[in-house]
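Note sheet for the following structure.
Both backbone and side-chain heavy atoms feed into the values below; hydrogens, waters and symmetry mates do not.
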Amino acid sequence: MYKQLSINKNQYPINFTSQGKPKARAADSVKTKGGLRKIKKYFLDRKQYRNYCLFIVGIATGYRCSDLLRLKFSDFFNEDYSFKKELDIIEQKTRKRRKMPITGNMRNAIKLYAEKSGTLNLDDYVFKSREGHNKPIDVSSARRIFNKMETDLNLPYHCSTHFLRKTFAYWFVNKYKNDMTAIATLQEMLNHSSEKITLRYCGIEKERQNEMIEGLDGLWGEILN
């Protein structure tokens, strides 16, 4: 008989939670414009305007999913239904205030969603569940939405709920790569303890490592061929 192998969580702590359970696969950032357009088209083609709005607001703010789902229309609109200039929330995890401009893309997504749903009540949660009265979807439901999207589109990256925040981080650094203050600014926004953590978080560090290894492979080709 074969002896059953057991995994020692102390031997491989990086793969397990503090409760000894296997860690969930980490989310990836979407690093191509084509990938972003494909996701946009997926939700709009299926007339999933709420989910499309969640995608847009998520990548535009970098808020955690738990904070996104607590947003109400009153966070976006004044009492006269004109748009506010910025979102102003207390982050659930850090208990810190974080303000973000309400950008044109966010306004367009919110307006489309409101028009298609036919109602806009300031007291309503934006990402409302179809179950119960004025109740937001939970993080597990959001995860299922993005996991299904990933499967349906056969995407080469993992889209759990954190992919929105990571995508925001990646494109922030990509947009301002020539700005010496960009990493420090993003580090502060994401509340990271070091720039190295921020680079690793948005996938820049790994991307740079791969570029360097591929460059080295080209050198081996010159030498060995």
Side-chain angles (χ1 to χ4, degrees), residues 14 24-41 43 52-71 75-76 83-110 126 139 142 146 149-150 155-218:
I14 195 170
R25 180 183 169 188
D28 299 313
S29 52
V30 182
K31 297 180 179 179
T32 66
K33 293 178 182 178
L36 294 171
R37 293 187 187 110
K38 184 181 289 186
I39 293 171
K40 172 185 176 180
K41 187 175 186 299
F43 288 129
Y52 168 68
C53 191
L54 178 59
F55 168 64
I56 294 298
V57 176
I59 64 172
T61 62
Y63 285 156
R64 292 178 180 86
C65 193
S66 57
D67 292 320
L68 291 170
L69 299 181
R70 291 188 300 118
L71 291 172
D75 291 306
F76 290 90
F83 272 103
K84 294 181 176 180
K85 291 184 177 180
E86 60 186 9
L87 293 170
D88 184 359
I89 70 166
I90 302 296
E91 292 184 316
Q92 196 171 40
K93 182 176 181 179
T94 65
R95 306 311 302 166
K96 291 183 178 181
R97 167 163 275 159
R98 185 161 166 226
K99 298 181 179 182
M100 289 294 291
I102 298 175
T103 63
N105 284 312
M106 279 197 277
R107 288 195 297 269
N108 290 338
I110 289 284
V126 177
V139 173
F146 293 129
M149 175 205 71
E150 176 189 338
L155 298 177
Y157 31 78
H158 183 45
C159 295
S160 63
T161 52
H162 225 51
F163 96 98
L164 300 171
R165 186 169 163 88
K166 285 192 171 184
T167 298
F168 165 81
Y170 174 82
W171 285 97
F172 185 94
V173 174
N174 186 276
K175 171 67 175 177
Y176 301 110
K177 56 188 173 186
N178 296 323
D179 186 335
M180 300 278 294
T181 67
I183 298 298
T185 299
L186 182 62
Q187 176 191 339
E188 182 179 359
M189 291 169 68
L190 299 181
N191 198 32
H192 288 163
S193 60
S194 71
E195 290 186 5
K196 185 177 178 66
I197 290 173
T198 300
L199 285 169
R200 186 185 306 126
Y201 182 85
C202 59
I204 297 292
E205 186 179 66
K206 181 63 176 175
E207 194 174 71
R208 181 59 181 150
Q209 288 176 2
N210 290 343
E211 288 175 357
M212 294 172 78
I213 291 170
E214 289 171 3
L216 186 61
D217 187 59

With heavy-atom distances below 4.5 Å as the criterion, would you say the side chains of [X] and [Y] are in contact?
| X | Y | result |
| --- | --- | --- |
| Y170 | I59 | no |
| L190 | I197 | no |
| L54 | F146 | yes |

Pairs where residues 95-106 contributes a residue and the test salt bridge (Lys or Arg N to Asp or Glu O under 4.0 Å) is met, not counting sequence neighbours: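 Listed once each, the pairs are E86-K99, D88-R97, E91-R98.
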Donor-acceptor check, side chain of [X] to backbone of [Y], threshold 3.5 angstrom: yes or no?
| X | Y | result |
| --- | --- | --- |
| R165 | G62 | yes |
| Q187 | T198 | no |
| W171 | A60 | no |
| T167 | V30 | yes |

Return the minimal non-hydrogen interatomic distance between [X] and [Y], and the atom names on each side.
| X | Y | value |
| --- | --- | --- |
| A26 | H158 | O-CD2, 3.5 Å |
| L71 | V57 | CD1-CG1, 4.2 Å |
| Q92 | S66 | OE1-CB, 3.3 Å |
| L68 | G58 | CD1-CA, 3.7 Å |
| A169 | L186 | O-CD2, 3.6 Å |
| P101 | M106 | O-CE, 2.8 Å |

Other residues, nucleotides, ligands: >12 heavy atoms within 6.0 Å of K84 NZ: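 Count over threshold, so yes.
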More than 12 heavy atoms from other groups under 6.0 Å of OH on Y176: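 Counting other residues, nucleotides and ligands, OH of Y176 stays at 12 neighbours or fewer.
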Salt bridge (charged side-chain N to carboxylate O under 4.0 Å, His left out) partners of K40, counting only residues at least two apart: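 Salt bridge (charged side-chain N to carboxylate O under 4.0 Å, His left out) check on K40 returns nothing, list empty.
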Sub-6.0 Å ring centroid separation between F163 and Y157: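 Between F163 and Y157, the centre distance exceeds or equals 6.0 Å.
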